[in-house]
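Worksheet for the structure shown next.
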Amino acid sequence: MDMDKSWFDEMEARIPHGEVRTRFAPSPTGYMHVGNLRTALYTYLIARHAGGKFILRIEDTDQGRLVADAVDVVYATMRRCGLDWDEGPDVGGPVGPYIQTERRDFYGRYARLLVEKGLAYYCFCGKAESAEDSGNFERVEDPCRALAPEEVRARLDAGEPYVIRQRIPEGSTTFHDAVYGDITVDNAELDDQILLKSDGLPTYNFANVVDDHLMGITHVVRGAEYLSSAPKYNLLYEAFGWEIPTYVHCASVMFNDPATGAVRKMSKRMGDPSYQDLVAQGYLSQAVVNYVALLGWAPHGALAEQEFFTMDQLIGAFEIEGISKSPSAFDMDKLNYFNAAYLRDLPPEEFAREAEPWIRRAVKNPAYDAAAIAALLQARCEKLSDIPEKVDFFDAPPEYGADLFTNKKSKTNPEVSLEMLKQAYPVLSQLGDWSQEGIHGALVGLAERLGVKNATLMWPLRIAAAGKAVTPGGAVEICRILGKEETLRRMELGMAKLQ
RNA sequence: GGCCCGGUGGUCAAGCGGCUAAGACACCGCCCUUUCACGGCGGUAACACGGGUUCGAUUCCCGUCCGGGUCACCA
């Protein structure tokens with residue numbers, strides 16, 4: 001007992017005070033929900049805005065759901081998103097360990113402490129049917145609540161499996177949330193919550209409170225799905241006599257299914273995109289972070305109209321008051337808009353580096369300059385996965401009909417187009433300077449001599465070169481990349497279609 | 001079903017008792033232009049409903065409706 005007391009004192013002594021400390025505490029599942037990413041971001045921003053500490057803690061108490069290497073996915077995601085942590089499993093810190101299974105004996109000690117105080121009790125009832133399965137939401141009092149101490153001792157000695165449950169007092173509980181304000185709940189709504197499971201590991205609710213306290217967490221940020229558990233957390237803090245942190249509950253991120261039009265909470269299980277899915281489709285992490293920051297939070301005052309933020313700007317602008325109470329729908333269109341803007345803002349070389357693998361999926365011919373193609377693409381794609389279908393014509397133009405040569409705005413039809421191609425062919429075949437400027441100058445000069453709009457000449461040429469009505473870049477850019485020989489060959493094919 | 005939380009255009013949202021109710025995405029026009037895109041200009045479109053409180057409600061209160069969450073030895 002004395003040893004125990006000094007152990008508890010030591011744990012208390014480690015707790016840092018006097019700084020804002022927040023934590024992101026994912027359970028490693030192998031991917032990151034968009035909603036979780038947003039929670040991580042807000043948690044990070046609150047700490048950084050206040051010049052405090054951001055802590056990473058891994059919650060792996062659900063042995064049934066463990067996924068190998070999933071912790072690495074957490075690390076990688078957070079690094080790519082710019083969420084650097086001050087304390088965590090890999091970097092250590094004053095209040096470790098930072099993985100819950102490595103803290104497993106802590107929870108038992110604290111649970112038994114509560115039993116000694118008479119605020120929790122051993123229960124030997126075995127697993128109960130869940131309310132969901134039974135369809136019965138009635139609350140029943142646990143008979144073990146009133147077990148005599150001698151009997152508890154005897155059953156414990158007999159090695160009977162048990163859980164430890166908190167004794168919820170009568171009355172009501174009021175807690176304060178920084179986003180939602182004061183909320184009062186009748187304790188009759190609350191179960192005698194299980195603190196320690198029969199496998200000896202803590203429940204999420206219990207581990208959270210113990211760890212948040214032991215790690216000196218000042219602001220507990222989490223999804224609004226935990227709002228109705230908050231009174232239970234308060235009751236635990238009160239039972240231990242611990243200071244209650246500031247709660248920051250964030251409304252859910254919904255997903256507007258484009259297929260069905262249904263709106264629902266975003267869920268990987270329903271096939272909604274995770275952060276990993278988005279990255280695989282060629283979304284930039286900064287774009288995702290920027291978009292997600294604004295999904296449920298808005299800056300105040302002079303910044304109210306700003307929508308593009310660097311991480312540093314977010315840190316400066318982020319205030320808890322700006323967090324929204326109502327759920328918000330993840331909108332692919334708007335993410336596309338942000339991503340397109342971020343892609344355009346990339347230095348051309350960097351964009352080319354990002355784009356090249358996607359270009360090479362469709363363009364196998366090494367003679368075609370990927371960097372030159374990338375330059376055409378930069379202002380024309382919302383995400384990198386848009387690229388292959390836009391550039392597939394370089395290797396070989398698709399089968400196309402003569403009708404493509406007709407375009408009202410360019411004043412072309414099959415006859416005009418044939419004439420234009422016939423005129424352009426000798427000019428291009430004699431052209432020595434096969435550069436953007438060279439080709440452009442030659443064609444513009446020709447159009448002028450013929451007395452036609454530039455478009456009247458360019459349209460048929462582009463159709464012949466690409467075989468598509470819509471292409472990244474115009475006739476000049478495409479011909480330049482194709483090279484003289486291939487351009488002329490495709491012009492011949494085009495003319496043949498028009499004969 | 002009980003309890004909790006929400007409700008400003010299709011979406012994200014500003015607003016925090018008095019405004020012609022911002023801005024962005026999407027959509028639609030026009031301009032620019034070698035197609036498309038980028039860029040520029042303009043347009044359509046909202047305070048869920050009913051009661052109060054108030055000189056005055058999108059803003060405060062109540063009810064209705066609608067939406068979400070939660071009632072596990074999951075987190």
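Only heavy atoms go into these numbers, but all of them, side chains included; no hydrogens, no water, no symmetry mates.
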Output all residues satisfying side chain to side chain contact (heavy atoms under 4.5 Å, CB included) with A/Thr310, sequence neighbours left out; order by chain, then residue number. A/Asp312, A/Gln313
Interatomic distance, A/Asp192 CG vs B/rA72 P [rounded to whole Å]: 13 Å
Within the 4.0 Å heavy-atom criterion, would you say A/Glu307 contacts the bases, only the backbone, or no part of the nucleic acid? sugar-phosphate
Nearest-nucleotide check on RNA chain B, A/Cys125 vs A/Glu225; residue mapping nearer the 5' end is A/Glu225
List, with names and distances, any nitrogen or oxygen atoms from the protein found under 3.5 Å away from nitrogen or oxygen atoms belonging to nucleotides 27-34 of chain B.
residue: B/rU34; atom: O2; partner: A/Ala475; partner atom: N; Å: 2.6
residue: B/rU34; atom: N3; partner: A/Glu477; partner atom: OE1; Å: 3.2
residue: B/rU34; atom: O4; partner: A/Glu477; partner atom: OE2; Å: 2.9

Test of understanding: with salt bridge (charged side-chain N to carboxylate O under 4.0 Å, His left out), list the residues that count as partners of A/Asp331, not counting sequence neighbours. none
Using a 3.5 Å distance criterion without hydrogens, assess whether the side chain of A/Asn339 forms a donor-acceptor pair with backbone atoms of A/Glu382. yes
Report the residues that fulfil side chain to side chain contact (heavy atoms under 4.5 Å, CB included) with A/Ala352, sequence neighbours left out, ordered by chain and then residue number. A/Ala374
Provide the Watson-Crick or G-U wobble partner of B/rA21, both distances under 3.5 Å; none if there is no partner. none
Taking A/Asn407 for its side chain and A/Asn413 for its backbone only, find out whether a donor-acceptor pair lies under 3.5 Å. no
Note: A/Ser324 and A/Val179 closest approach over all heavy atoms is O-CG1, 4.1 Å
Same-atom distance (P) from B/rC12 to B/rG69, integer angstrom: 15 Å
RNA chain B contacts among residues 380-393 of chain A, heavy-atom distance under 4.0 Å: A/Arg380
Could you state the atom-to-atom distance from CD of A/Gln378 to C1' of B/rC38 in whole Å? 11 Å
What residues form a salt bridge (charged side-chain N to carboxylate O under 4.0 Å, His left out) with A/Glu160, not counting sequence neighbours? A/Arg155
5' to 3', nucleotides 5-14 of chain B under a 4.0 Å protein heavy-atom cut-off (B base, S sugar-phosphate only, - none) gives SSS---SBSS
Examine the base of B/rC73 for any acceptor or donor lying under 3.5 Å from a partner atom in the side chain of A/Ser198, and report the outcome as yes or no. yes
Can you find a pair of side-chain heavy atoms, one from A/Asn208 and one from A/Arg23, that are under 4.5 Å apart? yes
Assigned partner base of B/rA57, Watson-Crick or wobble definition, under 3.5 Å: none
Are any non-hydrogen side-chain atoms of A/Trp358 and A/Val363 less than 4.5 angstrom apart? no
What is the distance, to the nearest angstrom, from the CG atom on A/Asp60 to the P atom on B/rC74? 14 Å
Please confirm whether the backbone N or O of A/His33 pairs with a side-chain atom of A/Ser274, one donor and one acceptor, at under 3.5 Å? no
Tell me: CZ of A/Phe351 to P of B/rA37, nearest whole Å? 17 Å
Per nearest nucleotide of RNA chain B, the residue lying toward the 5' end, A/Ile194 or A/Phe175, is A/Phe175
Interatomic distance at C1', B/rG50 relative to B/rC16, whole Å: 24 Å
Which value, in whole Å, describes the distance between the C1' atoms of nucleotides B/rU44 and B/rU11? 16 Å
Is there a Watson-Crick or G-U wobble partner for B/rG63 with both distances under 3.5 Å, and if so, which one is it? B/rC49
Side chain to side chain donor-acceptor pair (under 3.5 Å) pairs touching residues 455-484 of chain A, sequence neighbours excluded, are A/Asp392-A/Lys468, A/Gln436-A/Glu477, A/Arg462-A/Thr471
Is there a Watson-Crick or G-U wobble partner for B/rA37 with both distances under 3.5 Å, and which nucleotide is it? none
Please determine whether any donor N or O and acceptor N or O are separated by less than 3.5 Å between the side chain of A/Tyr226 and the base of B/rA75. yes
Measure from CD on A/Gln166 to P on B/rC73 and round the result to the nearest Å. 15 Å
NZ of A/Lys468 versus P of B/rC36: gap in Å, rounded? 15 Å
Name the pairing partner of B/rA72, where a pair is Watson-Crick or G-U wobble with both distances under 3.5 Å, or state none. none
Distance between the P atoms of B/rG7 and B/rG63, in whole angstroms? 16 Å
Looking only at side-chain N and O atoms, does A/Tyr204 come under 4.0 Å of OP1 or OP2 in B/rA75? no
Please state whether the phosphate of B/rA37, meaning OP1 or OP2, lies under 4.0 angstrom from any side-chain nitrogen or oxygen of A/Arg344. no
For A/Glu399, check salt bridge (charged side-chain N to carboxylate O under 4.0 Å, His left out) against everything at least two apart and list the hits. A/Lys497
Any idea which heavy atoms bring A/Ala355 and A/Ile387 closest together, and the distance? CB-CD1, 3.7 Å
Paired with B/rG9: which nucleotide, if any, by Watson-Crick or G-U wobble criteria at under 3.5 Å for both distances? none
Set of salt bridge (charged side-chain N to carboxylate O under 4.0 Å, His left out) partners for A/Asp333, sequence neighbours left out: none
Parallel, tilted or perpendicular, as decided by the 30° and 60° cut-offs, for the rings of A/Phe394 and A/Tyr368: tilted
Given the P atoms of B/rG15 and B/rC74, what is the spacing between them in whole Å? 42 Å
Nearest-angstrom distance, C1' atom, B/rU53 to B/rA72: 45 Å
Nearest-angstrom distance from the residue atom CG of A/Asn407 to P of B/rU35: 9 Å
Residues that A/Tyr204 engages under ring-ring contact (aromatic ring centres under 6.0 Å, His included), provided they are two or more places apart: A/Tyr226
Mind checking the C1' distance from B/rC47 to B/rA22? Whole angstroms is fine. 14 Å
Hey, what's the ring geometry for A/Tyr122 with A/Tyr162, parallel, tilted or perpendicular (30° and 60° as the breaks)? perpendicular
Just the rounded figure in Å: distance from C1' of B/rC3 to CD of A/Glu189. 4 Å
If I pick the P atom on B/rC25 and the same atom on B/rG39, what distance separates them, to the nearest angstrom? 9 Å
Please list, pair by pair, any protein nitrogen or oxygen found under 3.5 Å from a nitrogen or oxygen in nucleotides 63-65 of chain B.
none

